[in-house]
Amino acid sequence: MNRNMTSMMLSALLLQGCGIETRSEVVEQKYTNHASKYVTVDGKRVHYRDEGQGEVVILLHGTSSSLHAWDQWTQILKQDYRVVRMDLPGFGLTGHLPENRYEIVDDIAFLSAFTKQLNIEQAHFVGSSLGGRIGWEYSIEYPEKIKSLTLINALGYPQQSWPPAIEMAQWPVIDRIMEHVTPRFMFSDGLKEVYFDQQLVDAALIDRYYELTTYQDNRQGFTRRVKASLDEDSDKIKKYLHRLLFCGAWKIAIFLLKMRKSSSEILRTLMLSYLTTLDIYQWKRYLNSL
């Protein structure tokens with residue numbers, strides 16, 4: 001990022017970020033529904049939803065997101081599956097961990113404790129971005145708990161660049177400013193950068209990301225989480241991937257991995273397909289065939 005861009009973004013943060021934040025209770029009321037539940041994991045209250053019946057599908061969201069990112073997937077999958085999704089530590093209504101436990105080993109420990117609390121012995125895991133990284137690392141640690149693993153644009157390989165908000169949150173001084181001053185326009189620009197379909201970035205989506213990020217101490221959680229080792233351990237990918245299967249378009253990748261039981265070769269298949277509105281149905285048919 002050049003100096004002019006840095007200056008512009010810093011000025012915008014200082015000039016436009018001041019305002020009254022939405023009260024916590026208002027945010028909690030707005031972003032919970034009849035399916036919302038809370039469970040205590042390692043002393044932390046975790047917001048989650050558990051819907052449907054059948055084999056378990058666990059959905060893991062990405063950085064700065066929340067369980068709401070999976071609303072459309074859940075509407076379809078809960079017809080035939082038990083769909084469990086949670087706000088990961090540092091995000092959504094689960095909120096910031098004061099102990100700053102945001103390394104991947106902490107996420108694996110959290111996911112293990114969470115599934116134990118819900119008496120889930122095996123599940124189909126789906127992870128997007130950071131959630132994908134947690135998913136494939138978890139599958140290596142606990143292969144016996146995985147029925148299948150789907151990765152959507154998962155972290156794993158070293159990143160040449162990060163979205164502006166993540167990059168700035170890693171800078172000294174700027175990170176502290178972002179913990180207190182976070183203008184709404186940053187979310188609009190950031191979402192348009194990561195969403196393939198720009199029409200999906202509407203006012204409601206921007207509000208959700210803005211309000212949940214400014215909920216309680218989530219901004220402190222964000223600056224600390226992005227300093228964690230998000231894109232390391234890529235050597236594990238080469239070590240454990242057994243076969244790579246390409247299909248569909250290339251713009252957005254869904255990595256579908258069927259776990260191999262009782263084998264040192266943990267991952268058996270990797271499928272890439274183009275993510276469109278209807279692809280969830282194609283993915284569901286594949287899941288039904290496993």
Side-chain angles (χ1 to χ4, degrees), residues 22-99 101-102 106-132 134-135 138 142 145-150 152 204-205 207-222 225 280 284 287:
T22 308
R23 293 180 303 170
S24 295
E25 56 266 30
V26 175
V27 173
E28 291 173 4
Q29 183 177 10
K30 183 175 181 180
Y31 294 106
T32 55
N33 63 15
H34 67 280
S36 290
K37 300 178 182 179
Y38 292 94
V39 64
T40 300
V41 177
D42 195 19
K44 177 66 176 176
R45 188 187 75 160
V46 176
H47 175 230
Y48 76 101
R49 295 182 185 174
D50 188 343
E51 302 167 84
Q53 295 181 339
E55 291 187 352
V56 181
V57 176
I58 295 179
L59 305 174
L60 305 170
H61 65 76
T63 303
S64 294
S65 190
S66 64
L67 59 76
H68 307 85
W70 300 108
D71 283 349
Q72 293 182 356
W73 279 59
T74 301
Q75 287 301 314
I76 297 168
L77 292 174
K78 71 179 183 179
Q79 300 171 24
D80 300 290
Y81 295 91
R82 177 186 172 190
V83 182
V84 177
R85 47 189 170 138
M86 80 296 293
D87 289 335
L88 290 169
F91 305 118
L93 300 180
T94 295
H96 172 47
L97 296 174
E99 305 86 358
R101 300 193 305 268
Y102 293 125
D106 301 312
D107 292 319
I108 294 173
F110 161 78
L111 188 55
S112 178
F114 176 83
T115 54
K116 185 176 181 179
Q117 284 275 59
L118 271 62
N119 297 314
I120 298 173
E121 296 183 358
Q122 277 193 329
H124 301 279
F125 286 80
V126 182
S128 171
S129 188
L130 171 65
I134 296 171
Y138 182 84
Y142 299 102
K145 298 181 180 295
I146 310 296
K147 286 193 172 182
S148 70
L149 174 64
T150 302
I152 306 174
L205 183 72
D207 284 344
R208 190 181 81 209
Y209 274 82
Y210 174 74
E211 291 168 357
L212 288 176
T213 298
T214 57
Y215 170 76
Q216 295 187 355
D217 296 325
N218 279 358
R219 286 178 291 189
Q220 284 86 342
F222 172 74
R225 184 175 271 285
I280 177 60
K284 184 180 175 183
L287 196 65

Original post:
Can you find a side-chain donor-acceptor pair between Thr40 and Arg45 that sits under 3.5 Å?
Top reply: no
Original post:
Do His47 and Asp87 get their side chains close enough for a donor-acceptor pair, meaning under 3.5 Å?
Top reply: yes
Original post:
Going by atom types only, do His96 and Tyr215 share a side-chain donor-acceptor pair under 3.5 Å?
Top reply: no
Original post:
So, do Gln53 and Arg82 sit near enough that their side-chain heavy atoms are less than 4.5 Å apart?
Top reply: no
Subject >> Contact check, side chains of Phe110 and Val46, non-hydrogen atoms, under 4.5 Å >> reply: yes
Subject >> Chi angles and distances behind the salt bridge (charged side-chain N to carboxylate O under 4.0 Å, His left out) call for Arg101, Asp107 >> reply: CA-CA 8 Å; Arg101 300 193 305 268; Asp107 292 319; over 6 Å; no
Original post:
Do you see a donor-acceptor pair shorter than 3.5 Å between the side chains of Tyr31 and Glu211?
Top reply: yes
**OP:** Could you tell me whether the side chain of Ser112 and the main chain of Ile108 form a donor-acceptor pair under 3.5 Å?
**Re:** no
**OP:** Would you name the heavy atoms of Gly92 and Ser66 that are closest together and state the gap between them?
**Re:** CA-CB, 4.3 Å
Original post:
Is there a side chain to side chain contact (heavy atoms under 4.5 Å, CB included) between Val84 and Ile120 once you walk through the steps?
Top reply: CA-CA 10 Å; Val84 177; Ile120 298 173; 4.1 Å; yes
Subject >> Flag for Glu55-His124: side-chain donor and acceptor within less than 3.5 Å >> reply: yes
**OP:** Classify the ring geometry between Tyr138 and Phe125 as parallel (under 30°), tilted (30 to 60°) or perpendicular (over 60°).
**Re:** tilted
Original post:
Can you say whether the rings of Trp73 and Trp70 are parallel (under 30°), tilted (30 to 60°) or perpendicular (over 60°)?
Top reply: perpendicular
Subject >> Distance-minimising heavy-atom pair for Leu67 and Arg85 >> reply: O-NH1, 2.9 Å
Subject >> Side-chain donor/acceptor of Thr213 to backbone N/O of Tyr210, under 3.5 Å >> reply: no
**OP:** Indicate yes or no for a side-chain donor-acceptor contact from Ser36 to the backbone of Asn33 under 3.5 Å, with no hydrogens or angles considered.
**Re:** yes
Original post:
Can you name the nearest heavy-atom pair linking Thr94 to Pro89, along with the distance?
Top reply: CG2-CA, 3.9 Å
Original post:
Is it true that Arg23 and Glu25 have a side-chain N and a carboxylate O under 4.0 angstrom from each other?
Top reply: yes
Subject >> Donor-acceptor contact present, side-chain Asn218 to main-chain Leu212, <3.5 Å >> reply: yes
Original post:
So, for Gly131 and Leu60, which heavy atoms are closest and what is the spacing to 0.1 Å?
Top reply: O-CD1, 3.5 Å
Subject >> Residue pair Arg49, Asp71: steps toward the side chain to side chain contact (heavy atoms under 4.5 Å, CB included) verdict >> reply: CA-CA 10 Å; Arg49 295 182 185 174; Asp71 283 349; 4.1 Å; yes
**OP:** Establish, from distance only, whether the side-chain atoms of Ser64 and Tyr209 form a donor-acceptor pair under 3.5 Å.
**Re:** no
Original post:
After noting the C-alpha distance and the side-chain angles of Thr74 and Leu59, does the key distance pass the side chain to side chain contact (heavy atoms under 4.5 Å, CB included) rule?
Top reply: CA-CA 9 Å; Thr74 301; Leu59 305 174; 3.8 Å; yes
Original post:
Nearest heavy-atom pair of Lys78 and Glu51: which atoms, and what distance?
Top reply: NZ-OE1, 3.5 Å
